[in-house]
Amino acid sequence: MLNTILQLAVSGAALGFVYALVGIEYSLIWNATGLLNFSHDKIITLGAYVAAGLFFTKMGLPIPVSFILSIVVMILVGFLMATVVLNPLRKMTTIFTIMGTILFGKMIYELIRLLYGSAPFTVPGLMTGTVHIGSLVIAKSNVYIIVIAVIVVAALQIFMQTTKTGKAMRCVQQNKKASELMGINVKQNIRITAAISSVICLIIGFMVIPLYTVSLSMASMIGLKGFAAGVVGGFGFLPGCIVGGIVVGLIESASVLVIPSVYKDAVAFLVLIIFLLIKPTGILGKKS
Amino acid sequence: MKSRKNIISIVCLIAAVILPWLFNSTYYLSLFGQTLINIIIVFGLNFITGLTRNMNLGTAGIMAVGAYTSALLSTRLGLSPWIGLVAAILVGFLIGRGLGYPSLRISGVYLSLTTIAFGEIVRLVLNNTTSVTGGAQGLTNVPVFSIFGIQIQRGIPFYYFLLLFMLLMFWLSTRIVRSKWGRAFKAISDNPDAAESLGIDIAKIKILAFTLAAIYAALGGALYGNLMGYLNPSTFNFDFSINFVIMLMIGGIGIVRGNIIGAIVVTMLPELLRFLGDYYQLVFYTIAFIGAIKLPQGWPAGIASLAKWIARKTGLKSRKEG
C-alpha cells in the first residue's frame with residue numbers, strides 16, 4: 001500500500017510539474033497582454049511535432065541537435081503568434097480574444113494534420129526505462145520531467161530578476177500603461193514573451209512524449225489542466241502556477257485510490273470549478 | 001426598408017420550403033435538419049454570449065445532456081419522444097440555473113473555463129457510464145415523433161417539423177430580444193452599473209439569459225437525437241461548442257437574423273468547399289480567424305459596409321469625372 005501511494009505521489013508530482021509549466025507558459029502571455037492563450041495546447045503539440053517529427057524522425061538528426069533547431073523554429077512561431085494574434089487582439093472584447101486564439105490554435109492543428117497525418121508515433125528510446133529505489137520502481141521519464149521543470153523554472157526566475165528584458169516584462173505585468181509611458185516597448189515585449197512561452201511549450205511537448213506519444217491530441221488534456229493549475233495556484237502568478245500544478249497533479253493521482261480511474265480526467269476540471277466558485281484568487285493569489 | 005426586409009424574409013422562407021424537393025437525398029436532408037437545429041441553438045447562445053457578452057464554451061455539453069435525457073427516456077423507458085422533449089427542456093432549465101450561478105461571481109475568461117470544464121465533465125461521464133448511455137458505443141434506435149398516431153418519418157416530413165420548430169423559436173427569440181428582458185440583457189453588458197441604478201437586477205437577468213441559452217441548447221440536443229436516431233458522446237466535443245460561437249460571430253453578435261446566416265454558413269460551407277478536400281478545415285478556420293479580427297460586427301454587416309464604401313468611392317470617382 002505504501003509503495004502504491006509513493007508511486008502515485010511520484011507520478012502525480014511529475015504530472016504536476018508538467019501542469020505547472022503549462023501554467024507558467026500561458027501566465028507569461030496573460031501577464032504581458034491580458035489575453036488567455038487558448039491555442040497553447042496546439043503550440044505544445046507543434047513543438048513536439050517539430051522536434052520529434054521534423055528534425056528527429058524525418059531528417060534523422062540526433063536528439064540534442066533537433067532540440068536546439070526546434071528552439072529556433074519555436075522562437076519564430078512565437079514572433080508570428082505575437083504579430084498575427086496577440087497584438088491585433090489586445091484591444092478587442094473578450095469574445096473575440098478567446099475565439100481569436102482558439103481559431104489560431106485550430107489553424108495550427110490543421111496544419112500539423114495536413115503535414116504529418118493523424119497517425120500517432122513515438123520517439124524510440126527517449127527517456128525510457130525505470131529507476132529502482134529500494135522496492136520502489138519509478139519511470140525515468142518522471143524523474144526527467146521533474147528535473148527539467150525545475151531547471152526551466154529556475155532559469156526563468158533568474159531571467160526575470162536579473163536581465164533588463166525580464167525586468168521590463170515584470171513592469172508590463174504590473175501596469176501596462178505606466179510601463180508604456182516609461183518607454184518600454186509593449187509590442188516588442190509581447191513578441192519576446194510569446195517567443196519564451198513558445199520555447200517552454202516546446203520543452204513541455206518534448207517532455208510528455210514518453211507519456212502520451214506524439215499525436216494530434218497529445219496536449220489537449222494537459223492544456224486544459226494547465227488552466228486548472230493556474231486557477232488553483234493563483235492566476236497570472238508564477239509561483240502560484242507551480243503550487244497549483246503540483247496540487248492538481250497530486251489530487252488527480254490520489255483520486256485513483258478512491259474513484260474509478262476513467263474519471264481521473266474529470267477530477268482536475270471539478271477542482272477547477274470548485275476553486276473558481278469558492279476561491280477564484282487561488283491558493284497563493286492576492287486579493288485584487 | 002422594412003418592406004424590403006420582409007420581401008427578403010419571404011423569399012428565404014419559400015426557398016426553405018422548396019429546398020428538400022430540390023435536394024431530395026438522405027444525406028442532404030440530414031444536413032438541412034442539422035442546420036435548422038444549429039440555428040435553434042445559436043438563437044439560445046445569442047442571449048448569453050451575444051447580448052449579455054458572457055462567454056459560453058459548454059454548449060455541446062448542454063446539448064448532450066438534452067439529447068441523452070430525451071433519448072434515454074424514449075429508448076430505455078419507452079416513453080413518447082414528446083415527453084423526452086419536455087424533459088430535455090426541464091433539464092436545460094436546471095443546467096442554465098446551475099451554470100448561471102457561477103457567472104455571478106466570475107466573468108470573462110474564468111467563466112469560459114468553467115463552461116469548458118462543464119462540457120468536458122459531461123462528455124467523460126457519458127463516455128464512462130456504459131451501462132446506461134452505451135458509452136463510446138453510442139445509443140441507437142432513438143425513435144421519431146408522432147402526431148395523433150401518425151409518425152413523422154425522418155426525411156422530408158421531419159425537415160418540415162424542424163422548420164416549424166425553428167420558426168417558432170425564431171419568433172420567440174425576436175420577441176424576447178425586443179422585450180424588457182432583451183433590453184436588460186444588452187444593458188448589463190453595455191454598462192452594468194448604470195443598468196443596476198435603473199433597477200435591473202443583474203443577478204436575476206444573468207441567470208435568466210443562461211437559462212434561456214441552456215433551454216434552447218437542450219431542446220436542440222433532443223431534436224438532434226431524433227434527427228440522427230443515434231447518439232455518441234464523442235460528437236459533443238469542444239470543437240462542436242466552438243462552432244456555435246463561430247456561427248454567432250459570423251452572423252454578427254446579438255443579431256437574431258444574423259444567427260440564421262451564421263448557422264447556415266458554418267453548417268453548409270463544407271458542402272460548398274468540398275473541392276478543397278483535406279484542406280477544407282484549414283481554409284475554414286483561417287477565414288473565420290480573419291473574420292474575427294477584421295469583421296467583428298459580423299459578415300453581413302461587414303459586407304454591407306464594404307459595399308457602401310465601394311459605392312461611395314465609385315460615386316466620388318464618377319463625380320470627379322463629371
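Each chain gets a letter, A, B and so on, in the order its sequence line appears, and its residues count up from 1. Worth saying up front: this structure is predicted, and the values here are computed from it rather than measured.
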ask   = Under a 4.5 Å heavy-atom cut-off, does chain B meet the side chain of L272(A), its backbone, both or neither?
value = side chain

key: Residues forming a ring pair (Phe, Tyr, Trp, His ring centres under 6.0 Å) with F79(A), sequence neighbours excluded   = none

request  = Pick one of side chain, backbone, both or neither for I246(B), based on which atoms fall under 4.5 Å of a heavy atom in chain A.
outcome  = both

task = Take I98(A) and L57(B) through the test side-chain contact (heavy atoms from CB on, under 4.5 Å) and record every step on the way to the result.
result = CA-CA 10 Å; I98(A) 293 173; L57(B) 287 171; 4.0 Å; yes

query = Given V109(B) and F227(A), is the side-chain contact (heavy atoms from CB on, under 4.5 Å) satisfied, shown in steps?
reply = CA-CA 10 Å; V109(B) 289; F227(A) 285 136; over 6 Å; no

ask   = Using non-hydrogen atoms only, which part of V125(B) is less than 4.5 Å away from chain A: side chain, backbone, both, or neither?
value = both

request  = Working to the nearest 0.5 Å, report the span between CD1 of I121(B) and CD1 of I273(A).
outcome  = 4.0 Å

task = Examine whether an atom of L104(B) lies under 4.5 Å from a heavy atom of chain A, and if so say whether it belongs to the side chain, the backbone or both; otherwise answer neither.
result = neither

ask   = L111(B) versus L276(A): any side-chain heavy-atom pair under 4.5 Å?
value = no

Interface moiety of V84(A) toward chain B, non-hydrogen atoms closer than 4.5 Å = both

ask   = Are F96(A) and M249(B) close enough, and set up right, to give a side-chain contact (heavy atoms from CB on, under 4.5 Å), and what steps lead you there?
value = CA-CA 8 Å; F96(A) 293 102; M249(B) 284 195 324; 3.9 Å; yes

Chain A contact via I116(B) - side chain, backbone, both or neither, heavy atoms under 4.5 Å = side chain

inquiry  = Between L277(A) and chain B, with a heavy-atom cut-off of 4.5 Å, which part of the residue counts as in contact: side chain, backbone, both or neither?
reply    = both

inquiry  = Please classify the contact of F284(B) with chain A as side chain, backbone, both or neither, using a heavy-atom distance under 4.5 Å.
reply    = neither

Cross-chain donor-acceptor list, chain A and chain B, 3.5 Å limit, no angles:
from	atom 1	to	atom 2	distance (Å)
K106(A)	NZ	D239(B)	OD1	2.9
K106(A)	NZ	D239(B)	OD2	2.8
R113(A)	NH2	D278(B)	O	3.4
R113(A)	NH2	Q281(B)	OE1	3.2
L277(A)	O	R105(B)	NH1	3.1

ask   = Quick one: what part of L111(A) sits under 4.5 Å from any heavy atom of chain B, side chain, backbone, both or neither?
value = both

key: chain A contacts, top residue of L248(B), V283(B), V245(B) (heavy-atom pairs, under 4.5 Å)   = V245(B)

note = Shortest non-hydrogen pair, L124(B) vs V262(A), comes out as CD2-O, 4.3 Å

ask   = Heavy-atom distance under 4.5 Å to chain B: side chain of L224(A), backbone, both or neither?
value = side chain

query = Can you tell which of I108(A), L35(A), I102(A) has the highest number of heavy-atom pairs within less than 4.5 Å of chain B?
reply = I102(A)

key: Structural part of M92(A) lying under 4.5 Å from a heavy atom of chain B   = side chain

task = Check each atom of I278(A) against the heavy atoms of chain B and say whether the ones under 4.5 Å are side chain, backbone, both or neither.
result = backbone

